[in-house]
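What follows is a set of notes on a single structure, which appears directly below.
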Protein chains: 2
Amino acid sequence: MTEQKKSDQTRQKILTAGRALISKHGFGAVGLARILKESGVPKGSFYYYFPSKEAFGHALLTDYVSDYLARIDALCAGPGSARDKLTAFWTAWLAQAGSEGIASQCLVVKLGAEVADLSEDMRCVLDDGVAKLVDKIAALLVQGAKDGSLIPVDDPQATAQMLYAKWLGAAILSKLSRDETPLRRALSETNSTLSTS
Amino acid sequence: MTEQKKSDQTRQKILTAGRALISKHGFGAVGLARILKESGVPKGSFYYYFPSKEAFGHALLTDYVSDYLARIDALCAGPGSARDKLTAFWTAWLAQAGSEGIASQCLVVKLGAEVADLSEDMRCVLDDGVAKLVDKIAALLVQGAKDGSLIPVDDPQATAQMLYAKWLGAAILSKLSRDETPLRRALSETNSTLSTS
DNA sequence: GGAACTAATAGACCAGTCGTCTAGTATTGA
DNA sequence: TCAATACTAGACGACTGGTCTATTAGTTCC
């Protein structure tokens, strides 16, 4: 009662190890054996928690998306202008790039193209997560127009989607070139396009 | 003499079938057996033409990049303003989307994230191709500023890279959502940002 | 014709894949 | 206490992956 059921802990361990491995190598490229070895869970247990590898991938993405959106919500709920929040959000992409592999955290970057042709279920989870994220960005744009920190835009939804597209593309270009320049340019372009003053 | 050596024809057949399969499913997800079967080449022959699957991937990308750049060169050498050429280039992304899988042709879209963490050789080929493509886009921006069809920009190289990033991201979003809207928005945003008049 | 050489192929090989199955241990509730 | 459930354990099967060796088919030259 005081703690999570042990069952959930084990399940979470698999999910966590899986996320690390898969965000680095891709979904298809990582075998169950590797994930299980990494998380110290025997093979037999895997199929107790997940009916298939695809179902596992589905759970992994669901988990990831909900984590991600929760973090954005926390950011939005905090103090500061809409502009500050947006900047903080984008800057995090660069920060991740610095620490380990460039844009290595973001599963949309790593799995977007793979999952789209692999599993309808997984595709929908990721697509849904992106849609919600774009909504939140659009909301920030609206808020920024009100508090005067951002330039008003005609169609916040469209602008938010194109903003996200630019960052997604820039992340892939940075991965490909092993160079943060695309991400840095995205940041400066984003600022100069949207910021007042 | 009159014709290519048969050896080269066979090699090309493998490359062609490989490109179709891999641009749809990804590099790792497609086995040699499938490619060979598709191209009607016996399995035992593969290692006569390529020393390894990775070397094959390298050749595949080299082939693809050179095809792609040649097409751009042909477009640039043709008639019309820089603006027309750029528009024709981007519109092709949408046209591909319409016919079969969205943005299914572009190997940068499909393989960018996969290859970046898979093979240094393949990564370099793709990265090099993208760099050259961005150069050509930048050259069009410069030309457009001169012929008056496009708004002059401060840093054509940076603008071209961000332009490509936006389209790359939009293509992935379109793949993910099975909806051309992101690509269409990219087109209208590109036009309204760059076009004079 | 027959030797010498290259071009091309067949099929074996083993590591690795996902998923199943049977057996076993802990934990719970009555 | 005892039985039922929750969970662990890993061997096993059927199959696919890329790779390589041994062999055949084809050409060239004397």
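Each chain gets a letter, A, B and so on, in the order the sequences are listed, and its residues count up from 1.
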Got a list of protein N/O to nucleotides 25-27 of chain C N/O distances below 3.5 Å?
none

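In terms of the side-chain hydrogen bond (donor to acceptor under 3.5 Å, both in side chains) criterion, B/S52 has no residue partners (sequence neighbours excluded). The side-chain hydrogen bond (donor to acceptor under 3.5 Å, both in side chains) check on B/Q143 picks up nothing, with sequence neighbours excluded. Among residues two or more places apart in sequence or in another chain, the salt bridge (charged side-chain N to carboxylate O under 4.0 Å, His left out) test is passed with B/E120 by A/R178, B/R123. Contacts of A/F56 classified as ring pair (Phe, Tyr, Trp, His ring centres under 6.0 Å), with partners at least two apart in sequence or in another chain: A/F46, A/F50. Looking at residues two or more places apart in sequence or on another chain, you find a side-chain hydrogen bond (donor to acceptor under 3.5 Å, both in side chains) between A/S149 and A/D147. By the side-chain hydrogen bond (donor to acceptor under 3.5 Å, both in side chains) test, B/S81 pairs with B/D84, sequence neighbours left out.
Summarising the geometry, the separation between NZ on A/K13 and C1' on D/dC7 is reported as 13 Å, rounded to the nearest angstrom. Atom pair A/K37:NZ and C/dG16:P shows a separation of 10 Å (rounding to whole Å applied). Atom CZ of A/F50 is separated from atom P of D/dC7 by 13 Å (rounded to the nearest Å). A/Q9 has its CD atom 10 Å from the P atom of D/dT8, to the nearest Å. Rounded to a whole Å, the CG atom of A/L36 is 11 Å from the C1' atom of C/dC18. When rounded to the nearest whole Å, the span between OH of A/Y49 and C1' of C/dG19 equals 18 Å.
Under the ring-ring contact (aromatic ring centres under 6.0 Å, His included) criterion, no residue pair touches residues 122-152 of chain A, with sequence neighbours excluded. Sorted by first and then second residue, the pairs that involve residues 165-197 of chain B and meet ring-ring contact (aromatic ring centres under 6.0 Å, His included), not counting sequence neighbours, are B/W90-B/W167, B/W93-B/W167. Among pairs with a residue in residues 55-78 of chain B, those fulfilling salt bridge (charged side-chain N to carboxylate O under 4.0 Å, His left out) read B/R19-B/D63, B/R19-B/D67, B/D73-B/K136, at least two apart in sequence or across chains.
Of the listed nucleotides (D/dC7, C/dA10, C/dA8), C/dA8 has the atom at the smallest distance from the side chain of B/S45.
A donor-acceptor pair is defined here as one N or O able to donate and one able to accept, closer than 3.5 Å; no such pair exists between the side chain of A/S45 and the backbone of A/V41.
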- Item | Nucleotide-resolved protein contact map, nucleotides 12-26 of chain D, B/S/- at heavy-atom distance under 4.0 Å | -----SBB-------
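Under the side chain to side chain contact (heavy atoms under 4.5 Å, CB included) test applied with B/V125, the options B/L61, B/V130, B/L60 reduce to a single match, B/L61.
When the C1' atoms of four end pairs are superposed on the next four at each end of the helix from C/dG1-D/dC30 to C/dA30-D/dT1, using five pairs per end, the two resulting axes differ in direction by 10°, to 10°.
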